[in-house]
Amino acid sequence: MKVFIKILKIILGIILGLLFSLLTIVGLDAILPSENPFSRARVNLWLLAVIIAGWTFFFLWLMMRWKTSLKGIQTEGIDSLPLSISELIDGIIDAMKYRRSVRAEVRQELTDHFTDALAQCADEQDKLKRAEELIGEFGDAKLLAVLIRRGKKRCRPLWKTMLVRMFQAIGILFLLLVFYVGWFFSGKPVITTNYVAELNQLVQPLADDNQNAEPLYREAAVCYKKPDVNEFDLSLRPLSSLDENELQVIEKWIVDNQKAMELIRLGTERQYYWQTYTTTTENIKKETIPSMIGIRITNLIEYKRLAQLFCWEAYFKSAKGEHKEAFEQLIMTYNFGRHVRMQNGNAMIEQLTGFGIEGMACKCMIDLLSEYVVDADILGPVQKVFTAARMQENFTVDFQSERLVLYDEIQRCYTFDRIGKEHLYVHRLKGINPNIKWEKLLTMQGIKGGLWVLFAHPNRQDTINSANQLYTLYDELTVTTPATLRTKLPKFHQQAEDILMGNVIIGSLVPSVERICDYSWQVRTSSFAVDTIISLHRYKQEKGAFPASLAALIEEGYLAEIPLDPFSDRPLIYKQTENDFILYSVGADFIDNGGQTGRNKKGKFDLWLNQGDAVFWPVQKEEPVKSQSSGKN
Amino acid sequence: MKYERELLKGVAPVVVLEILSRGRMYGYELSEAVESRSKGLLNLGRGTLYPLLYNLEAKRLIVAEWEEAENGRKRRYYSITSDGKGELARQKEQLMSLRDAIGLVFGLGGLATA
């Protein structure tokens with residue numbers, strides 16, 4: 001009988017364990033995002049095994065603890081006792097609520113006691129009378145049961161008591177954890193602020209719509225036509241380095257895009273560029289208030305390609321001797337880049353595209369000066385226009401839109417309703433950081449990360465404060481030259497790390513600030529270099545030789561200011577050579593390598609590598625590569 | 001004569017230890033021995049005897065083991081341990097001293113005459 005009950009308990013424990021495992025898995029699949037360890041596509045056997053084993057062991061343990069009825073306890077002599085006595089004994093044993101073996105022992109001892117007490121009774125009547133007296137002497141059965149249980153508990157050895165207490169503590173902690181996890185996975189964010197609307201308000205200047213270049217640029221992007229050859233090296237280089245086939249492809253590409261280029265030209269004549277940011281259709285369907293992360297910024301690739309077309313066309317114009325037109329076109333291209341990036345609050349990707357276009361125009365201008373002799377009469381007015389454009393320019397990176405992205409995600413990543421309020425909203429975390437791999441949850445790093453997110457992650461207000469601190473730091477960073485920053489870099493990293501404090505929201509969303517800021521400084525340096533090189537050529541044509549130093553350019557009114565190298569916090573390095581000069585920045589390695597430019601992995605000159613100098617003049621010329629136009633990527 | 005419960009509660013462990021110091025006994029035998037040796041004056045209350053025994057066992061002052069009695073039945077025999085003997089001696093000394101003190105207070109003679 002005892003064995004049968006045990007087997008029955010084990011079977012019941014396993015059935016309950018499997019049932020609860022199934023409920024847990026189905027429940028978690030419903031709660032978690034669509035791609036989770038329990039979904040069919042991403043099923044994680046380890047996690048399933050842990051859940052099934054956990055629940056099965058729990059129910060088996062529960063079954064073993066389950067007190068069976070007293071019927072199972074064998075006690076010698078209890079049947080020969082009067083009914084009232086055996087009821088008293090069973091009442092005590094029932095109320096004891098303790099281990100079965102102990103209850104069996106006490107039951108036997110009490111039965112022996114009453115058997116001995118009644119042994120002297122002559123007849124049944126006497127027995128019943130004595131039984132009543134004994135019941136009276138024993139007093140309250142429940143109180144006695146409590147006292148006996150206490151005594152028996154004290155009899156346990158210390159190690160057993162500690163073990164029991166430990167399991168009790170683990171049980172309580174597990175229960176608390178279950179409640180906590182339940183709370184953690186409940187609740188949803190309440191979206192109150194439309195940051196997309198705020199951004200649109202931020203970028204729109206106090207100007208009429210007819211001053212906005214964006215509609216023209218947008219139309220140009222629609223009109224843009226790709227080159228006929230798909231795999232074509234579009235990187236800008238002097239025409240002398242192109243073969244016939246490449247020249248034909250580029251010429252046709254320019255002809256095909258005349259309409260788009262005209263629209264861009266018209267756009268650059270307008271004072272402002274701003275766009276009304278919208279979100280993707282999918283994003284609108286899902287969310288009542290559009291999210292910043294779903295903002296659709298289109299046309300940037302087309303803008304970049306059109307800027308390249310302008311540069312190519314400038315090369316062709318100069319080749320025909322139309323230098324004035326070529327330079328004017330390049331200044332227009334430079335202004336196009338400035339337009340795209342410089343509006344207050346523009347998105348980071350727009351700023352990067354704009355910087356890229358400006359850099360492209362600068363490179364092209366230097367290339368033309370290197371390939372052709374351009375009259376000082378042409379260069380004078382060109383430089384005047386270019387210097388004016390450059391002087392008005394703010395080269396710092398604008399983090400306002402990024403800040404709004406972060407604020408928006410903070411309001412979406414913390415729950416704000418019902419009982420599960422003010423904790424991370426896991427669904428959204430997966431959305432902002434697709435790199436979170438569920439499979440890694442069972443690795444040590446995954447467990448650490450999971451526990452951090454569950455228990456220790458900064459709350460909503462702390463995250464907002466960190467975001468503010470971080471962007472204040474970034475605003476400071478963007479006006480700090482790379483040379484100055486270099487000395488402060490460990491401190492800056494430490495500050496950023498202290499602010500982040502393992503915050504997964506900020507950590508997932510902040511851009512790679514140092515690289516972006518470096519890029520802005522590189523473009524700024526290039527534009528200074530263009531200005532300087534033009535003035536040097538003007539000086540030579542008018543004075544017969546290059547000046548001994550850059551100071552002469554200032555003194556003679558060819559240049560407004562000494563061009564500073566932000567990578568050394570000193571002027572750009574200028575040296576006279578035989579019939580020529582060299583002008584360079586110490587570059588990203590902060591070391592003066594005597595005007596040697598580094599080469600990238602493909603063996604090509606790269607001004608801003610972490611080795612070598614950024615030599616603007618003389619232009620570093622690659623060995624001409626004679627190959628087919630296709631397959632050069 | 002019925003003693004106050006609290007008064008008896010303090011004395012009961014010493015009484016049990018004292019009786020067990022004279023030989024091992026099972027529960028009923030012990031309760032009978034207490035009654036007979038006190039000539040019926042001490043009645044521990046049968047219900048409280050077993051919790052008391054389990055508490056003394058927990059304090060390692062007595063030990064219990066199941067053994068087969070002469071009549072073939074298994075009984076749980078209690079016997080005093082060396083710790084129990086030490087505790088008994090200590091408690092007895094205190095009780096004697098208390099008895100003398102009470103005797104002095106009541107004018108019944110005491111320590112001085114002992």
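Lettering of chains follows the sequences in order, A, B, ..., and the numbering in each one begins at 1.
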**OP:** Just say parallel, tilted or perpendicular for the rings of A:Phe138 and B:Tyr50, cut-offs at 30° and 60°.
**Re:** parallel
Subject >> Toward chain A, the part of B:Lys74 with a non-hydrogen atom under 4.5 Å >> reply: backbone
Enter the distance from [X]:[atom1] to [Y]:[atom2] here, rounded to the nearest 0.5 Å.
X        : Y        : atom1 : atom2 : value
B:Tyr78  : A:Glu109 : OH    : CD    : 3.0 Å
A:Arg154 : B:Arg60  : CZ    : CZ    : 13.0 Å
A:Lys152 : B:Asn55  : NZ    : CG    : 10.5 Å

**OP:** State which residue, out of A:Val106, A:Val102, A:Leu147, fulfils the side-chain contact (heavy atoms from CB on, under 4.5 Å) condition with B:Tyr54.
**Re:**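 With B:Tyr54 as partner, A:Val106, A:Val102, A:Leu147 yield a single side-chain contact (heavy atoms from CB on, under 4.5 Å), made by A:Val106.
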For residues [X] and [Y], determine if any side-chain heavy atom of one lies less than 4.5 Å from a side-chain heavy atom of the other.
X        : Y        : answer
B:Arg76  : A:Gln108 : no
B:Tyr28  : A:Asp112 : no
A:Asp116 : B:Arg75  : yes

**OP:** Let me know if A:Leu110 has heavy atoms under 4.5 Å from chain B in its side chain, its backbone, both or neither.
**Re:** side chain
Subject >> A:Tyr180 atom OH: more than 12 heavy-atom contacts under 6.0 Å >> reply: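 Count over threshold, so yes.
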**OP:** Please indicate whether A:Met162 has more than 12 foreign heavy atoms, meaning atoms of other residues, nucleotides or ligands, lying under 6.0 Å from its CE.
**Re:**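 Counting other residues, nucleotides and ligands, CE of A:Met162 stays at 12 neighbours or fewer.
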Subject >> Closest non-hydrogen atom pair between A:Leu144 and B:Thr48, with its separation >> reply: CD1-N, 4.3 Å
Original post:
If you look at every heavy atom in A:Gly151 and B:Ala58, which pair is closest and at what distance?
Top reply: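 For A:Gly151 versus B:Ala58, the nearest heavy atoms are O-CB, 4.2 Å.
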